[in-house]
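These notes concern the structure reproduced below.
Chain letters run A, B, ... following the sequence lines, proteins first and then strands; every chain starts at 1. If you're wondering where the values come from, they're calculated on a predicted model, not measured in any experiment.
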Amino acid sequence: MNRWIKNILVLSVIIALGIIFFYGFNAHLPSKLAVSNHYITEGEKETGAINIVSSIYLGYRAFDTLGETIVLLITVSSVVFLLKKN
Amino acid sequence: MDINILETVIIFLSINSLISLYRVIKGPTPQDRLIGLNLIVAQVTAIMVIASVNFRRPIYLDVALVYAILGYISIIAISKYLKGRKLHE
Amino acid sequence: MEKGERSEIVSIISRKLVPYILLFGLYLISYGHLSPGGGFQGGVVLGAGIILLCLSHGIFLTEKKFPLEKIAFLEAFMITIFILLGIVGLIIAKSFLGNIFPLKKIEEVPTAGFVFLLNLVIGLKVGAGIILIFYSLCERSEK
Amino acid sequence: MNNIPLFLIIIPLFTACLILLINFLKVPSILTKLISLSSIITILILIGFSTLNILIKKQIFIYNLGGWKEPLGISLHMDGLAWFSSLLGIIITLFGLIYSLKEKNYSFKFYFFFFILLSGMQGVILTNDIFNMFVFFEILSIASYILIAYSRENKAIKASFDYLLISSLGMSLFLLGIGFIYQGCGSLSLTGVGKNFNIANGIPPSMFQLAVSLIVVGIGIKAAFIPLYSWLPDAHAYAPTPISAILSGIMIKISFLAIWRIIHILEAINFQHFFLWIGSLTALIPVIWALSQTDIKKLLAYHSISQMGFIIASFGAGSSLSLTGSLYHLFNHAFFKSLLFFSAGAVIYATGIRDLRKLSELYKKIPSIAITSLIGALSISGIPPFNGFVSKILITTSLKEYPLPSFLIFLAGIGTVASFTKLMMIFFNREKAIQENLGNFSPNKIKKIPKALIYPLIFLSIICLLSGIFPSRIAQGISNFILLKDLAYPLKVYSPSNIGKSLTILGLGIFLYLLISTKRGKQISLALRKRELGLNNSLLLVLAGLVVFIIFMKVL
Amino acid sequence: MIIFILILTIIMAIFALQFKNLLNAVIVLAVFSLLLSLIFYLLHAPDVAIAEAAVGAGVATTLFVVVIGKTKRKENE
Amino acid sequence: MEFYLTFLLFLIGVWGMITKENLIKKIMGLNIVDSAIVLFFILIGHRQGSTAPIMEKGIKDVVDPLPQALMLTAIVIGICLTALALALVLKIDKKYHTLNISQIEKLSQNE
Amino acid sequence: MRLIAYFFLGMGVFFATFGNIGMLRFPDVYTRLQASSKCGITSIISIFIGLIILEGLNSVALRITVITIFFLITSPVSSHIIGRSAYEEGILPWRKEKPKDKQ
Amino acid sequence: MDIHQKWRIIRILLTTGYLIIGWLVFTGNFSPFSLSIGFLFSFIIAVFTYDIFIEKEEVARRALLPRISLLLIYPFFLIFKIYLASFKMVPAVLTEKIDPRIVHFRTRLKSDMARVLLANSITLTPGTLTLDLNNDHLIVHWLNAKTIHSHYAGKLIKGYFEIWLKKIWI
């Protein structure tokens, strides 16, 4: 019985969230893409990579990539540390 | 004209993969599900290749190759585990 | 995973396939700036190749070939190189992670020297990381 | 000079990698410790260099990474607030490092994780790009998950897993919020977002509210607001002591400061007022649980949430005095909470017991720890002349216009006094263990405490005392140099009425302590202790909190 | 087209969460990930499609399978 | 329409995280949530152009490359979290011999 | 030429459909595996041949050939390993008539 | 120089050669820079994986260098067979007239690669599916079993494949 109440509670919260997303989100927003347009037009010249995604990933936003590698490094270290035999 | 035909093929293939999905969900044994997974990998690779021809971007074909390789690896991993199950239980 | 358990077909096919998968991973890494792919994706494919080797030849043999210690060292070394590259950029190009190579014309194929280098570093690092995660998750059942 | 923000992030990272790398060569552990100590001192000196420029010349350091200008690439900004929180983080981390140096069973991995944690904190503070902030938050969180599970005890692992799930859900919400912002304004740098993402610029109000609430709830999980705090007590209690001090002392505050920055940039004024209510509830409710705890560190962990409530409520009031009070309390809390955690850690180190009921008469065996804990307890309870008193007075004066929140905060103050009286009883009480015949603790088994554990305690106590004695100077400094506002209020902290108020709270608190130490009170606290939220409920509460936040914003 | 595959993906997600047998859930999750990668592909994001296929089908599935192999097989009621 | 289905996917993942008792199921829910967010970003980027941002000769009308670059990072972080959570699950299984969250909570309270 | 390509594409769809139907209707793991492995690979090969004819011999055709060869190698292996795992697990093959004593 | 040493170098070079073919196929790019990078990568991979790619015992020349002309024709033959198999599959799917059995038989092929290819070819041909391969012992699932006698079944199933493969490898 308790479980049923809990399920209903969860469902109601999720449905409420769904309604909020449904009304809060506007799919037809006019988009302003000054930054991206610059990437598309100049990215090839400025970084030398034809693949613009690569040029953003490793050129313009390479610091993010550094952070991401650090995330991977610490994950690997912690998995090794956690599962190491004593 | 071509584009239409190619897209029709894509649509047919995706409807076909619906059947494989049914097997994945329904399949009484895990092996059945794996068969479904195998077939889905094949069909989706076909869809990707056709779509790449359709988009006129041959560069996209790398994705299909990666997809094929990794589908194979995942199937081998899962069936390896299925085999090892008797040792565990 | 004892020896009798292993399928000969899978083992032989994987034996012939793994070098090609690794090569494909390196292709993805080194052509990351020209076609889809890049450091991370290629690294994952490298890792998946080694995982396939583990699955088909057993983890002991693979670990003998690619020992855990060395791979861990490779990973730490690569991340250090990444940061060092950034610092070299700071000295040469006056900004952290700045481009330290001259940009050539785009017609020549592998132009983006810096992107290429970073892709290589990241790819090796990601591959090493994934193999390490797999090793350490597998480790306990062997005992 | 402009490179300082970069070095604040990179030097810890590089140190971490260096530690990892040199340990492949099987070097002695003393080298690891030496490297870590020297690195942290280096960045302390670096941030010291920047003091003059930032505070007096009111200069903002901007560093464009990779040479790409602001909207294209990522840039680091260091203004007064960032300087303040960065400095606070480094100091607390330094104390934590000194405290952990003497511990034998911390391998090099511990220092590695430790420095990544430090680097993540600096990154979150300094970055001016919202997605980069997400990445640094993830670095920070992963480092903290693994540090919480460092002891590999059952409860620590469980706490770490709970924290991982809840916090990842929060981070997903944050990322979704970033998606909304990007869709709305096509830019990711915080200044660009501030310029373009507001209702005046054509963003629909409902979307603005949704994005802001997603981001606030996502980060709020780390800052432990009222519906989102349930991971914190376990996580902070079962972490190693220096890590508890860092997590409680600085990490939750950094998350809060990130919210502070985002709300200021987005100019979500409605939301700021909402924080008044959230903060006052956050101050009160955890105190009730704290009163019922018997684990030393868990009690302290509940109090971190409660003190965060003071800070948040004062932030919500929004006047320059209350913002000053908020920052001042943040500053003080960082010091006295790490002091308390270090003392608790020393007690656990000496006796090997973390249950309050089993300990007694420790004053005779470890007088130094008893004194430092007493200083910490007096600070947190807001007794003059310690620093907690000053900031609490600032907060209560600034909240005068809002009667209900200030009443809730008053109640929270009483609860704080009561629970810290309960904590202090392990030092000054007699024969409690015999009375309840709970444990086999014998006072003779106490280990000798090494000096490295005591030095940070003494330093921290001195800071607590000093920042309590010169209140107006520090408050003026905070408001003039960091908030760049005039403190439009004649500061007179040590007035008789204020002291009387604090003494009233003290008396009521001791009375409350007497109440809960009766038989009936013990039964109630046992029942409360059993009634902790499970993982599922906490996850549900996150979503429910999100719904409530959004609905509240719609109503306002 | 994309909507159709997306609906299939959602169905797969529901089933992945609903299966009692964890191994079946992992298989379905692999299918989910592959279909998602197809969607990325059709949305002209080949980089992300490669990453998702590599991560979802290759690494995550293998890790899940290893962990499930070491813990119990059936989900406890 | 795709956006709303993406939100539905997100909510399904969250629902799985909240209601499922098994820890591995919770991690799967987390995976689904991550995927939904990635899909959301890609959809945002897709709205403008019509082909991938790889500038071969004669290609002009491309989709927004920035969300794709961001999502590569997000995918890496997602897999990292999954791996770490799975390692913790292994550890939990070793200590408590069950993966059911309510049983684990009962056991850890009795300690 | 184009018509031949379309013919091959149609054949690919045809075989894919039959493979799927076979997988749906057959009674046990092995027979389903038979249907799926054969028809799956045939449909893939047909489609790829069709596309190669459509595109002409250039880098695309080369890449498609690589994928085809890869499929030719791996698809039977994965079928084999699925079948083998079923066989080792002791799933008995379906028989038309009830199994008698001999064999 | 020791014979093992020599053999190792030969294996590394052979592996490199095979891998460079793969590189060319992957990239489709013949510029000198790409080729040199490809050579470098192939060599590195070969150094790491040469004893996986070519086993120490595989000394026979034909096992390493198959007859290229026949090897190139073989896929077309195989594809033809596959088409035949699939057309036979269609009525089976429609009518469900099947009589599946499991049969065992042996093969005379020596080279590993040849045996594996035989098993794969059997999987791809009408109504048969290799379940296991143990040295030279094959277990095959047969959809429309005509006989269960090991010798005849072997003859029927292996068909021309064995002869072809024997010509290509050993």
Completion exercise
Taken in chain and number order and not counting sequence neighbours, the residues that satisfy side-chain hydrogen bond (donor to acceptor under 3.5 Å, both in side chains) with Arg63(G) are Asp62(B)
Exercise for the section: State whether the side chain of Asn20(G) and the backbone N or O of Asn16(B) hold a donor-acceptor pair below 3.5 Å, judged by distance alone. Expected result: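 Pair found, side chain donor or acceptor close to backbone of Asn16(B).
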Roughly how far, to the nearest 0.5 Å, is [atom2] of [Y] from [atom1] of [X]?
| X | Y | atom1 | atom2 | answer |
| --- | --- | --- | --- | --- |
| Ser52(B) | Leu51(G) | OG | CG | 8.5 Å |
| Gln43(B) | Ser43(G) | CD | OG | 6.5 Å |
| Thr45(B) | Phe70(G) | OG1 | CZ | 9.5 Å |
| Ile81(G) | Tyr72(B) | CD1 | OH | 8.0 Å |

Exercise for the section: Determine the option with the most heavy-atom pairs under 4.5 angstrom with chain B, choosing from Leu24(G), Leu9(G), Ile21(G). Expected result: Leu24(G)
Handout entry: Selection from Val66(G), Ile41(G), Val60(G) maximising heavy-atom pairs under 4.5 Å formed with chain B
Key = Val60(G)
Measure [X] against the heavy atoms of chain B and call it side chain, backbone, both or neither at under 4.5 Å.
| X | answer |
| --- | --- |
| Ile44(G) | side chain |
| Ile47(G) | side chain |
| Leu33(G) | both |

With a 4.5 Å limit on heavy-atom distance, are the side chains of [X] and [Y] in contact?
| X | Y | result |
| --- | --- | --- |
| Ser79(G) | Asn38(B) | yes |
| Thr17(G) | Ile19(B) | no |
| Ile75(B) | Thr74(G) | no |
| Arg32(G) | Gln31(B) | no |

Under 4.5 Å from any heavy atom of chain G - which part of [X]:
| X | answer |
| --- | --- |
| Ile69(B) | both |
| Leu39(B) | side chain |
| Ile15(B) | neither |
| Ile35(B) | both |

Problem - Nearest heavy-atom neighbours spanning Ser85(G) and Ser79(B) - result: CB-O, 4.2 Å
Completion exercise
Residue set satisfying salt bridge (charged side-chain N to carboxylate O under 4.0 Å, His left out) with Arg33(B), at least two apart, ordered chain then number -> none
